[in-house]
Structure formats: structure tokens, C-alpha cells
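Here is the structure we will look at.
A quick note: this is a predicted structure, and the numbers were derived from the prediction, not measured. No hydrogens, no waters, no symmetry mates; every other heavy atom, side chains included, goes into these values. Start at 1 and go down the list; that is how both ligands and their atoms are numbered.
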Amino acid sequence: MSRLRVLHVVGARPNFMKIAPVMRAFERKGAVEQLLVHTGQHYDDALSRDLFEDLELPKPDMNLGIGSGSHADQTGRTIMGLEPIMIDYDPDWVFTVGDVNSTLAAAIVGAKLGIPIAHVEAGLRSGDFAMPEEINRLVTDRLSSALFTTEPSANENLLSEGVAQDRIHYVGNVMIDTLLRCRERARFLEMPRKLGLFPGKYFAVTLHRPSNVDRADRLAAILSSLVQSAANCNCELVIPFHPRTSARIKEFGLESLVEGVRAVPPLRYLEFLGLMQEAALVLTDSGGIQEETTALGIPCITLRSTTERPVTVTEGTNQLFNGELAELPDVVSEALTRTRDPVFPHLWDGSAAERIADVTVQLGRLSAPDPVTV
Ligand code: UD1
């Protein structure tokens, strides 16, 4: 019998660390032919090319070069770019990961062509429809035939939305597969020393969500309270700025607020992992970093009102903060007193991708994919 054909779609930074272990697990099985398509949603080297090297991910077989745009423009062009490739390759499965616009585009094209969709990191819900990712998650899950989940809340969300139990596969967290594989290499880079920082004496910050950076007053208040929080604890602030955030700081004339900050360009995966590992604290509005800090045992304050990853709060080191920004310094000081033990929620054990490959090979070719029947 011919080998199972899997087409993987990735597009933005958080996708790459999720697909890398999945591709490796299929490779080990040997029974699967794989095609990797990069939509090109992210195109800066630090957000894209360098990650492929760090993650030992094969170069993409194709790059659609979609780039930036409004949501409709970016998603629409990705859909148009993916359709002929899927028709031509005619895969048995389309794998789509996470919740970015490329994730959604892949699900729409595959489902309309009658190709079964596998969604890695399915079922996460913030309940916040102002997040484009929430819409991407919902629609992708609705169209998927195999839904690979990372935590119990995801299983519950999918069941409550009417997804059939036999489509839900609770396999664990592929981000943590990657973290466990890379953390020693990351430590070896000695990032704090390279940046002139003392281990345990700095806060690592990431900030890029439109709700935090697209309004001048909000962005200014966040930056000021971060600076104050770090000063109160005699820590430095290191911020690898996402291109969107750098652009907003310039546009709003907020450069003076980041004068004392160690502002660095977006870091490579291994570099940022190395930085997180030795940080006193991480402050972020990202999704995946909430999970990574939990597994590293680093206190994390997430500057959002909701999380789609509640296990990082109930079991891990994560705490949501959406209060008055003037209160942030106290919240930060308190967070520093917490213990720093790594936490690995159930199945965050480095073998999630292995389980995904096992399930997929077992499912094999679905004779009549019917993704819209739940
Ligand atoms: C995307 C994801 C978000 C994820 C984030 C991680 C969606 C809806 N959002 O957000 O979930 O957390 O990636 O980084 O898919 N830009 C560059 N160079 C690049 C890419 C983007 O300069 O390589 C700038 C452009 O000005 C662009 C802006 O960043 O307009 C936003 O990029 P986009 O891909 O639309 O979304 P992200 O904010 O990166």
C-alpha cells in the first residue's frame, strides 16, 4: 500500500515549534510522505528563517510569500495560494497547527476539497471574540476531523461544542516536546551573559497583541508600569520587540519610555528560551509563552484578561493581569516570592508528537471525511 501523504501548513512564528516534532515523529515512523508548505505570513528572518535552523526543521518545500496585510487580505491570499497546492499534492491529511491566520486558511481550503484536517492544539478557547485567534480556533476546529488537544479544558470545550468524542485525541503539548528537546542547547548560549544581564536579575517581556500595543494610551501605560515594576525589584527589563510593537512605539512617539529598557530585536527561538530560563520573571501577552514558563518553572504574568490555556494558571506558574496598570508593580513583587518549580501538566512529557503520529497512522485514510458533521 502506498505511503500516507501529509501536507503540513505553517505560517507564523508560533507554528514552527509545533510542527517540528510532528514532522520528526512521522519521519521516524517511515510510513508517511510529508510536504511542508510555509505560507510566508511571517517573513522576517528572526520570525521565520532562523527558527527553521534552531528547530532542525527541514526547509519548506514551498513558500507562498504571503506577507502582511489586513486579516481578510492575508487570509484570502493564503487561501488562494494553498488551493492549487492541495489539489496538486492531493494529500490524505492536511495538518494545521495553532491559531494564526495561516491555520484557518489551511483548514478552509482542505475542508472544501474534502481532505481530512488534523488540528494540532485544538479546543483552546479564551471566550474573547476580540482576539482574531479565537475565531481562527473555532472555525478550524469545526472543520477538523482529528483534533489533537493539549489540556483537559480543550477536551471539555470541544465536547460542549458538540464535537464527537472519537475525533478528540488528548495527546499533550508539542510545544513542550520542542522545549524539552532544546532547553540544554538554549542554556548553552548563555544569553544573559551575552546581553550583559545577571541571571535571576532581569524580567523578560514580550508584547505584541493588538489590544495591548495598538492604542497609544494603553501601550504607554504598559511600558511605564513595566519600567516601574522592574525598578522596584532592582531588576532590568529586556524586551525583544515584535516588529508591530516597534512600529507602534515609533508611530506614537513613545521612545523615551523605553530608554532604560534593554530593547533587542526579535530573538531566535533558542535565544529567547535561553533568556526565559534564567529570568526572574516573564511578562507577556503571548499564548505559548504561558506554557513554556510553566514548564520552566518561571513565574509568568500574562497581560490579558483571559487565557485559552487555563492549565497554566490552575497548575502552572501563570497569572493573568488585566487590572489597573498602577497596581502591576505590587503584583510583580508578589509573584517573585513564589516557588520556581517546573510544572508539567498531564502528557506534557515530550512525547505528544509521537502520539499524534501514532493516531494518524492508525486512522490512516479516512474513506469519507465529513468534517462538518458533529
Ligand atoms: C501573528 C498571529 C498571532 C501570533 C503572532 C506571533 C494571527 C492573527 N496572529 O501575529 O496569533 O501570536 O503572529 O508572532 O495570525 N511583521 C513584520 N515581519 C514579519 C511579520 C509581521 O514586520 O515577518 C509586522 C507587519 O507590520 C505586520 C504585523 O507585523 O503587519 C503583524 O503581522 P501578522 O502576521 O499580521 O500578525 P502578528 O501580529 O505577527
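For ligand 1, one of its N or O atoms has an N or O atom of E133 under 3.5 Å away. Residue H242 places at least one N or O, backbone or side chain, under 3.5 Å from an N or O of ligand 1.
Inspection of the T206 and S286 side chains reveals no N or O donor paired with an N or O acceptor under 3.5 Å. For the residue pair Y89 / E33, a side-chain donor-acceptor distance below 3.5 Å is found, with atom types taken as modelled.
For atom 39 (O) of ligand 1, the nearest non-hydrogen atom of the protein is H42 NE2, 2.7 Å. Of all protein heavy atoms, the one closest to atom 38 (O) of ligand 1 is R244 NH1, 3.4 Å. Considering only non-hydrogen protein atoms, atom 17 (C) of ligand 1 sits nearest to Y43 OH, 3.3 Å. Annotation: atom 34 (O) of ligand 1 to nearest protein heavy atom, Q41 NE2, 3.1 Å. Protein heavy atom at the shortest distance from atom 26 (O) of ligand 1 is S68 OG, 4.4 Å. Among protein heavy atoms, the minimum distance from atom 4 (C) of ligand 1 is reached at H208 NE2, 3.7 Å. Closest protein heavy atom to atom 8 (C) of ligand 1: N101 OD1, 3.3 Å. Here the protein heavy atom with the shortest distance to atom 22 (O) of ligand 1 is P243 CB, 3.1 Å.
The six-membered or imidazole ring of H208 lies away from that of F241, with a centre-to-centre distance of 6.0 Å or more.
The side chain of L47, and not its backbone, has at least one atom closer than 4.0 Å to an atom of ligand 1 (non-hydrogen atoms only; side chain from C-beta on).
Heavy-atom contacts of R13 reach the following atoms of ligand 1: 14 (O) (cutoff under 4.0 Å). Within ligand 1, the atoms closer than 4.0 Å to a non-hydrogen atom of H71 are 8 (C), numbered from 1 in the order shown. Against a heavy-atom cut-off of under 4.0 Å, Q74 is close to the following atoms of ligand 1: 34 (O), 35 (O).
Of all heavy-atom pairs spanning S102 and T39, the tightest one is OG-OG1, 2.8 Å.
No option in T306, N157, D141 other than D141 meets the side chain to side chain donor-acceptor pair (under 3.5 Å) test with R125.
Evaluation of the salt bridge (Lys or Arg N to Asp or Glu O under 4.0 Å) test over residues 282-307, restricted to residues two or more places apart or in two chains, returns E291-R309, R304-E308. Each salt bridge (Lys or Arg N to Asp or Glu O under 4.0 Å) pair with one or both residues in residues 7-19, not counting sequence neighbours, appears once here: K18-E121.
In this structure, F26 and F95 have perpendicular ring planes: the angle between them is above 60°, well past the 30° mark. Below 30°, between 30° and 60°, or above 60°: for Y170 and H346 the angle between ring planes is above 60°, a perpendicular geometry.
Hydrophobic clustering (side-chain heavy atoms under 4.5 Å, transitive across Ile, Leu, Val, Met, Phe, Trp, Tyr) keeps L226 apart from M276.
Close to ligand 1: P14, with a non-hydrogen atom less than 4.0 angstrom away.
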